Amino acid sequence: MGCGRVGSTLARGLERRGHTVSVIDQNAESFRRLGSEFGGHTYKGIGFDRDVLIRAGIRDADGFAAVASGDNSNILAARVAREEFGVQNVVARIYDQGRAEVYEKLGIPTVATIRWAAGQVMNRLLGDAATPVWRDPSGTTALYQMPFAAEWVGTPIETIEHRLHLRIPFLTRLGTGMVPSGELLVQEGDVLYAAVPTERAASAYEAMSNPPEQD
């Protein structure tokens, strides 16, 4: 639901991966964003209207994304898709961070646009791990972009994980993401992402910002 910049990009991306896609929007002009090569279906209407959802194929849908411009519309549509039509794979875009956290706890996955963008900007301004890249709804675990001192270069990933009691699920090297093996050595310029309990994030950042302690 929603054929703005996010919705149209999502629809085209899903179709490129071989999925059948239906797009709902109140403004038929919005469907122009899909481009002439889009082979999915478009439906003009309100995304939480049951008749519109049925015409769009909600009863056979494997997933539903509510990415319109209004928080209320997105949440209502997501709840209708899940609670009335039994679609379990549902996600809603929410601008209000407080609402996003509430609905996460109610079992509706959300993408809080402003929270995500602000966090990414802050990470780049500060160059530290003060703001998580991702945090689970309960707030107990987060994924941090983890800067490291030059002395960590040449250290195996498994050594870092063992010493600091964290996990490095992925890193980027020369602009390419990868899931590292334990034996992979950290190189200068790597960007490490560490999964850490939030209560230990500050100590992990401090440890990585300083040379490793000698055994």
Side-chain angles (χ1 to χ4, degrees), residues 1-121 131-143 169-170 177 179 193 195:
M1 181 190 83
C3 196
R5 286 175 293 180
V6 173
S8 58
T9 301
L10 177 62
R12 293 193 304 269
L14 288 170
E15 187 177 58
R16 283 195 299 269
R17 295 190 179 198
H19 297 279
T20 300
V21 183
S22 292
V23 183
I24 301 171
D25 198 286
Q26 295 185 66
N27 183 4
E29 293 296 314
S30 298
F31 297 137
R32 292 184 177 180
R33 293 190 176 96
L34 295 168
S36 59
E37 296 182 357
F38 180 70
H41 307 284
T42 57
Y43 299 88
K44 179 183 177 181
I46 299 173
F48 51 82
D49 184 291
R50 291 155 184 79
D51 292 334
V52 174
L53 287 169
I54 290 171
R55 285 194 290 112
I58 192 69
R59 287 175 171 158
D60 298 316
D62 294 317
F64 180 82
V67 291
S69 58
D71 285 4
N72 291 335
S73 298
N74 287 339
I75 283 298
L76 184 55
R79 293 192 63 181
V80 170
R82 168 168 285 184
E83 297 171 11
E84 297 200 20
F85 293 100
V87 180
Q88 295 303 308
N89 190 13
V90 170
V91 64
R93 181 176 69 169
I94 303 297
Y95 288 92
D96 186 310
Q97 178 177 336
R99 288 185 178 182
E101 292 174 352
V102 168
Y103 284 104
E104 284 276 6
K105 292 178 181 178
L106 292 176
I108 298 178
T110 62
V111 177
T113 308
I114 294 174
R115 177 178 62 189
W116 183 88
Q120 294 301 298
V121 171
T131 305
V133 176
W134 174 88
R135 179 171 49 204
D136 82 292
S138 69
T140 59
T141 305
L143 185 68
F170 73 98
V179 177
Y193 292 87

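These numbers were taken from a predicted model, which means no experiment stands behind them.
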The complete set of side chain to side chain donor-acceptor pair (under 3.5 Å) pairs with one or both residues in residues 52-73, sequence neighbours excluded, reads N72-R99
Tell me the side chain to side chain donor-acceptor pair (under 3.5 Å) pairs involving residues 13-22, sequence neighbours left out?
none
Contact check, side chains of M1 and N74, non-hydrogen atoms, under 4.5 Å
yes
Would you mind reporting whether V87 and R82 have side-chain heavy atoms less than 4.5 Å apart?
no
For F85, ring-ring contact (aromatic ring centres under 6.0 Å, His included) partners two or more places apart:
none
Indicate the atoms forming the closest heavy-atom contact of [X] with [Y], along with that distance.
X: I24; Y: G45; result: CG2-O, 3.5 Å
X: R93; Y: A68; result: NH2-O, 3.2 Å
X: G7; Y: V67; result: CA-CG2, 3.6 Å

Set of salt bridge (charged side-chain N to carboxylate O under 4.0 Å, His left out) partners for R50, sequence neighbours left out:
E84
[X]: partners by side chain to side chain contact (heavy atoms under 4.5 Å, CB included), with sequence neighbours left out:
X: A195; answer: L143, R167, P169
X: L34; answer: C3, S8, A11, V23, F31, F38, T42
X: E29; answer: N27, R32

Can you list everything that forms a side-chain hydrogen bond (donor to acceptor under 3.5 Å, both in side chains) with N89? Sequence neighbours excluded, please.
none
Q26/I46 under side chain to side chain contact (heavy atoms under 4.5 Å, CB included): CA gap, chis, key distance, verdict:
CA-CA 6 Å; Q26 295 185 66; I46 299 173; 4.0 Å; yes
Give the intermediate values and the outcome of side chain to side chain contact (heavy atoms under 4.5 Å, CB included) for residues L53 and V80.
CA-CA 9 Å; L53 287 169; V80 170; 3.7 Å; yes
